[in-house]
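The structure under discussion appears below in the form of structure tokens.
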Amino acid sequence: MTEAQPVTATGEDMHKLVERMYPLCRSITGDGVRATLDIVGEYIPLQVHEVPTGTQVLDWTVPQEWNVRDAYVADATGRRVVDFAASSLHVLGYSVPVSATMPLSELRPHLHTLPEHPSWVPYRTSYYKPEWGFCLAQETLDALPEGDYEVRVDSTLADGHLTYAEHVVPGQVEDEVIVSCHVCHPSLANDNLAGIAVATFLARELAERTPYYTYRFLFAPGTIGAITWLARNRERVDRVKHGLVLACAGDPGSLTYKRSRRGDAEIDRVLRHVLETSERPHRITEFTPYGYDERQFCSPGFDLGVGSLTRTPYAGYPEYHTSADDLDFVSPEAMADTLAVCREAFALLDRNRRYVNLSPYGEPQLGRRGLYDALGGRSDTKQAQMAMLWVLNLSDGEHGLLDVAERSGLPFDTVAAAADALRGAGLIEA
Amino acid sequence: MTEAQPVTATGEDMHKLVERMYPLCRSITGDGVRATLDIVGEYIPLQVHEVPTGTQVLDWTVPQEWNVRDAYVADATGRRVVDFAASSLHVLGYSVPVSATMPLSELRPHLHTLPEHPSWVPYRTSYYKPEWGFCLAQETLDALPEGDYEVRVDSTLADGHLTYAEHVVPGQVEDEVIVSCHVCHPSLANDNLAGIAVATFLARELAERTPYYTYRFLFAPGTIGAITWLARNRERVDRVKHGLVLACAGDPGSLTYKRSRRGDAEIDRVLRHVLETSERPHRITEFTPYGYDERQFCSPGFDLGVGSLTRTPYAGYPEYHTSADDLDFVSPEAMADTLAVCREAFALLDRNRRYVNLSPYGEPQLGRRGLYDALGGRSDTKQAQMAMLWVLNLSDGEHGLLDVAERSGLPFDTVAAAADALRGAGLIEA
Amino acid sequence: MTEAQPVTATGEDMHKLVERMYPLCRSITGDGVRATLDIVGEYIPLQVHEVPTGTQVLDWTVPQEWNVRDAYVADATGRRVVDFAASSLHVLGYSVPVSATMPLSELRPHLHTLPEHPSWVPYRTSYYKPEWGFCLAQETLDALPEGDYEVRVDSTLADGHLTYAEHVVPGQVEDEVIVSCHVCHPSLANDNLAGIAVATFLARELAERTPYYTYRFLFAPGTIGAITWLARNRERVDRVKHGLVLACAGDPGSLTYKRSRRGDAEIDRVLRHVLETSERPHRITEFTPYGYDERQFCSPGFDLGVGSLTRTPYAGYPEYHTSADDLDFVSPEAMADTLAVCREAFALLDRNRRYVNLSPYGEPQLGRRGLYDALGGRSDTKQAQMAMLWVLNLSDGEHGLLDVAERSGLPFDTVAAAADALRGAGLIEA
């Protein structure tokens with residue numbers, strides 16, 4: 001069992017996975033995504049899907065595929081002052097090809113910087129409006145003398161495919177839990193290589209037991225990837241009973257759970273319970289139609305019970321979408337902590353059954369069945385006995401074990417153990 | 001547009017209207033009501049209704065009409081120590097005629113004063129129990145020597161009519177908003193000449209645009225007038241979707257909104273939103289079956305979504321129902337402020353539509369339609385874009401734009417503008 | 001009317017009843033229960049039921065009947081160091097017979113003490129596991145020299161009966177309120193002789209008026225007694241609309257009301273209202289499936305609106321289930337206070353009707369019917385008039401008089417009087 005390993009060892013393993021994926025130039029399509037999925041595929045088997053350019057997916061169309069071989073800005077001496085080879089962030093995502101020489105004044109509108117963080121390189125894209133451009137540090141730009149520069153983006157924008165992958169952990173029932181993470185960002189460690197790493201190791205752990213639900217892991221580009229998956233699974237999407245979008249899983253901040261659109265879906269209650277009963281500082285936030293792919297899963301036509309787990313949320317830290325979201329920004333400890341909460345949450349979700357008391361008129365005689373201390377009259381009652389009484393009292397088909405735990409104030413594990421004992425004695429049934 | 005005028009100018013105009021109506025002797029019937037409606041009719045066209053004495057109206061009967069030509073108490077020298085000509089408050093409302101000479105001791109039970117405010121004249125009526133009487137200052141009474149006084153109320157109580165008026169601002173739909181104010185109080189400025197003035201100018205403003213709802217303004221005597229209107233409109237009362245009773249609209253206190261009986265009617269939510277998002281100090285109070293004509297509109301058989309807007313509420317200020325509720329007690333600024341809140345509330349109500357997202361599966365591609373900044377990857381998102389996402393996400397036929405504004409925390413105007421843009425792009429429909 | 005008596009007199013009478021019952025050796029069956037019911041039967045007529053051993057009652061079986069003639073531990077000199085004749089607590093409840101001589105070391109596992117309260121004797125039972133044993137003070141045990149002791153429990157465990165009793169106060173309707181108290185504890189004054197005494201005197205008071213509901217008092221052994229009653233009344237249990245379990249009714253603590261499983265049953269609202277509007281310190285606690293016979297009445301198959309009234313609740317005081325729960329622990333004043341709250345609560349419950357306004361369109365004209373001060377225009381309105389307006393406004397068949405009292409903030413008595421007046425005038429009907 002992975003659970004038996006020291007947390008730090010798994011944390012280190014996740015960080016190593018992040019390190020391997022970090023240099024690749026990912027975007028919403030292209031070979032960087034494929035190479036990323038190849039690496040993940042070394043950890044868990046993946047079913048990779050290639051969806052052709054032009055395919056209609058809900059309100060959208062799969063775009064042309066983008067690949068970059070090289071991109072740079074070189075000064076009059078031929079020295080590359082901005083170079084894609086140094087970081088995939090330097091080229092504007094989905095930049096159209098360009099090959100020209102132009103004065104700095106003409107080049108300037110194509111250069112994106114972060115004046116407030118002069119040493120950081122921003123991350124910028126232009127997926128649906130044809131543009132070319134470069135991202136660089138403000139201090140690099142400031143150091144450029146006027147004069148002519150050679151500008152080259154050796155990219156291809158052509159019919160091809162959008163790539164995404166699935167990994168399924170079969171459960172006892174066909175009802176599914178979807179765990180989704182975006183794979184479209186280039187060299188940004190927290191957003192979302194850490195999310196990919198936590199999802200990968202979570203999938204490995206789940207496979208070591210047979211979970212109750214079937215868990216489907218989705219590794220897909222943001223927005224268009226989730227939309228493509230939803231379009232291609234529209235008939236079977238009602239199998240998805242719960243879900244979690246994993247992103248920003250490794251930064252130093254505390255955990256943040258963002259509720260589903262429904263606000264009180266079972267996944268919302270499970271994550272709240274796990275976070276509140278743990279010692280962790282955390283935040284629970286309401287749904288907003290912005291952020292990651294919960295936007296798509298929680299669109300009103302689907303309205304799935306899908307929340308989002310991050311550490312510091314979307315756009316909530318200065319390093320967000322900059323070169324400062326690097327390998328040092330994410331830690332083994334933080335990823336291990338995110339993984340631990342996922343593990344606890346899904347363990348609870350898997351056991352959160354509703355039972356029906358088969359002896360609902362008065363209390364059944366627990367002592368006769370060996371379930372109750374036969375020596376009465378004592379003022380101290382054991383938590384396990386209280387849990388049995390609570391499960392019996394609330395098992396009316398309306399309340400699940402999480403309801404029992406929350407109403408009784410007893411630990412979920414104690415309640416679940418009581419339910420197991422009562423089911424074993426034939427007093428309740430699912 | 002009146003809205004473009006300086007607020008103070010409209011405030012001054014409303015105060016002038018109050019001044020003109022102030023001297024008239026109003027009651028629940030009679031020529032004082034007619035003269036008041038004549039003045040209002042110079043500002044907005046009125047449909048005046050005359051309902052004969054004896055007409056059955058719900059559980060009530062239209063009473064005899066009351067008119068006063070003269071009323072006074074004169075001392076032995078013939079000097080009028082209490083004189084109706086000085087103030088319409090001096091005669092007990094609906095006083096029966098009397099013409100007699102009697103010692104002060106015999107007169108005393110017919111004299112009403114306010115010992116706690118010795119210089120103020122109280123307002124008293126006896127509509128349904130035949131009485132005669134005078135209202136005067138305690139200090140006037142204290143100065144009267146014993147001896148005989150001539151007492152005269154030259155009034156008529158005879159079959160006639162109850163008078164009320166309506167003004168309709170036609171809207172885009174037949175669903176109605178009713179704005180009601182009582183016109184039965186004599187020389188009391190805040191209660192309710194200020195309410196009449198605000199209603200009148202509100203009607204003028206609404207007529208300058210074509211509102212969504214049809215707005216029906218009701219100028220009627222309190223209780224019996226509202227009951228008469230309800231009795232005569234019983235078949236069409238279900239057209240009334242929302243309503244507001246306007247009273248005490250000009251005193252120096254801050255605004256008070258009293259909820260409808262339903263407590264969460266749309267008008268309740270609109271007024272709460274407007275008051276809470278404005279900088280104004282204000283109070284929101286729960287419904288009580290006392291106060292003004294919300295009592296009738298919110299009786300359980302009708303249970304209309306009608307709230308009440310006042311500044312200081314019913315009986316909440318010492319000047320209430322006394323001669324101190326005079327022209328100085330109401331200010332142009334206060335009436336302008338009340339009018340402004342009515343204007344904002346009805347503008348919001350008129351735009352609070354429910355839409356249905358026509359592309360509810362995933363997000364529609366806003367960029368393709370020119371609705372979204374095509375340059376992705378920026379951490380700052382514009383409020384307008386957020387508003388579009390919120391409207392799309394919540395437009396499931398269950399949520400109105402006010403729901404969207406409240407859940408998103410965005411200004412209603414921003415949300416409504418986003419809805420306009422989305423409707424223009426064919427993405428939502430009403 | 002008992003209500004007219006000084007409270008202290010009734011309190012003293014209740015304490016005298018407790019004193020008479022105190023010495024008897026009660027258990028879940030046996031002659032001690034019968035003797036107890038004989039005493040209660042001197043105050044109120046009882047219908048006593050005898051249910052044979054072996055009878056199936058829900059999931060349980062009526063056990064053998066237990067009776068004790070004598071029980072003691074005697075030292076080598078024949079001196080009784082533990083003696084049932086001194087206190088019924090000294091013998092383990094349902095102790096099987098034993099007659100033997102054994103060294104102290106062998107006896108020790110059968111001796112129950114309370115080390116933390118060395119002078120107190122604990123109360124212990126072993127109903128369903130055959131055991132023999134004694135309860136004694138730790139200091140008594142500490143003083144016993146090693147050596148042989150004669151051990152004798154002269155008890156009978158044999159087929160017989162389970163005994164319980166009912167007392168019914170007929171009401172105007174067949175709908176029932178059940179008041180239940182357990183009669184199975186030996187010499188423990190607060191738990192539950194005080195509860196029995198309060199129930200007995202409450203029954204006497206109720207019989208002096210004809211209550212609205214039929215009140216059924218149940219005097220039965222805990223758990224098995226309530227289960228037996230429920231089993232024998234399963235077809236008619238739906239007549240039980242409300243109920244109260246009375247226990248621990250005489251200790252010095254303040255009152256505690258424990259809600260029914262439903263949480264918002266009418267009895268819950270009534271007790272909350274009575275306790276909150278009184279000057280008494282008190283606690284309202286949520287339902288738990290532990291405590292007294294609310295466990296059975298609120299099992300999910302029955303789910304009756306039955307709460308529990310105690311002073312200090314179950315196991316909440318050090319004297320609980322020890323010899324320190326003696327005649328000094330319960331006071332006349334405390335029992336009188338518990339009785340007063342029961343009296344107020346059932347008086348309110350009996351009057352908490354739902355009415356329908358027969359004139360729901362607009363306000364009916366109260367003045368015409370002599371229900372309203374005919375002199376209008378006064379700023380002070382009487383509470384009684386407000387109560388009439390509130391009753392009229394909320395009498396839509398959905399709201400009861402307690403709803404009216406709580407929403408209006410008016411005293412329930414004022415609201416009930418207003419309802420009486422309106423019913424008298426033909427304006428509302430039940």
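Reckoned from all heavy atoms, side chains included, excluding hydrogens, waters and symmetry mates. Worth saying up front: this structure is predicted, and the values here are computed from it rather than measured. The chains referred to below are lettered A, B, ... by the order of the sequence lines, with proteins before strands, and numbering in each begins at 1.
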key: Neighbours of chain A found in residues 344-363 of chain B - heavy atoms under 4.5 Å   = B/Asn357, B/Ser359, B/Pro360, B/Tyr361, B/Gly362, B/Glu363
request  = Would you please name every residue forming a side-chain contact (heavy atoms from CB on, under 4.5 Å) with A/Ser323, sequence neighbours left out?
outcome  = A/Leu89, A/Trp120, A/Val121
key: Heavy-atom contact with chain B under 4.5 Å, split by part of A/Phe287   = both
ask   = Among A/Gln296, A/His185, A/Glu286, which has the most heavy-atom pairs under 4.5 Å with chain B?
value = A/Gln296
ask   = Listed by residue number, which members of residues 405-413 of chain B have a heavy atom under 4.5 Å from any heavy atom of chain A?
value = B/Arg407
ask   = Using a cut-off of under 4.5 Å for heavy-atom pairs, which of A/Ile224, A/Val57, A/Thr288 has the most such pairs with chain B?
value = A/Thr288
ask   = In terms of heavy-atom proximity below 4.5 Å to chain B, should A/Ile227 be classed as side chain, backbone, both, or neither?
value = side chain
query = Is the number of heavy atoms from other residues, nucleotides or ligands under 6.0 Å of A/Arg232 CZ greater than 12?
reply = yes
ask   = For A/Tyr128 and B/Arg368, what are the C-alpha separation, side-chain angles and deciding distance, and is it a side-chain contact (heavy atoms from CB on, under 4.5 Å)?
value = CA-CA 8 Å; A/Tyr128 298 101; B/Arg368 193 177 81 215; over 6 Å; no
ask   = So which heavy atom on A/Cys298 is nearest to which on B/Asn393, and how close?
value = O-ND2, 3.1 Å
message = Counting only heavy atoms from other residues, nucleotides and ligands, does the tally under 6.0 Å from CD of A/Glu235 exceed 12?
response = no
ask   = Ignoring hydrogens and geometry, is there a side-chain-to-backbone donor-acceptor pair from A/Arg295 to B/Leu389 under 3.5 Å?
value = no
query = Residues in side-chain contact (heavy atoms from CB on, under 4.5 Å) with B/Ala265, at least two apart?
reply = B/Ser260, B/Arg262, B/Ile267, B/Asp268
key: Interchain contact, A/Arg234 with chain B, by part (heavy-atom threshold 4.5 Å)   = side chain
message = What part of B/Leu392 gets within 4.5 angstrom of chain A, counting heavy atoms only: side chain, backbone, both, or neither?
response = backbone
ask   = Should we say atom CD of B/Gln172 is surrounded by more than 12 heavy atoms from elsewhere, each under 6.0 Å from it?
value = yes
task = With the side chain counted from C-beta on, respond yes when A/Thr61 and B/Gln365 share a heavy-atom pair under 4.5 Å apart, and no when they do not.
result = no
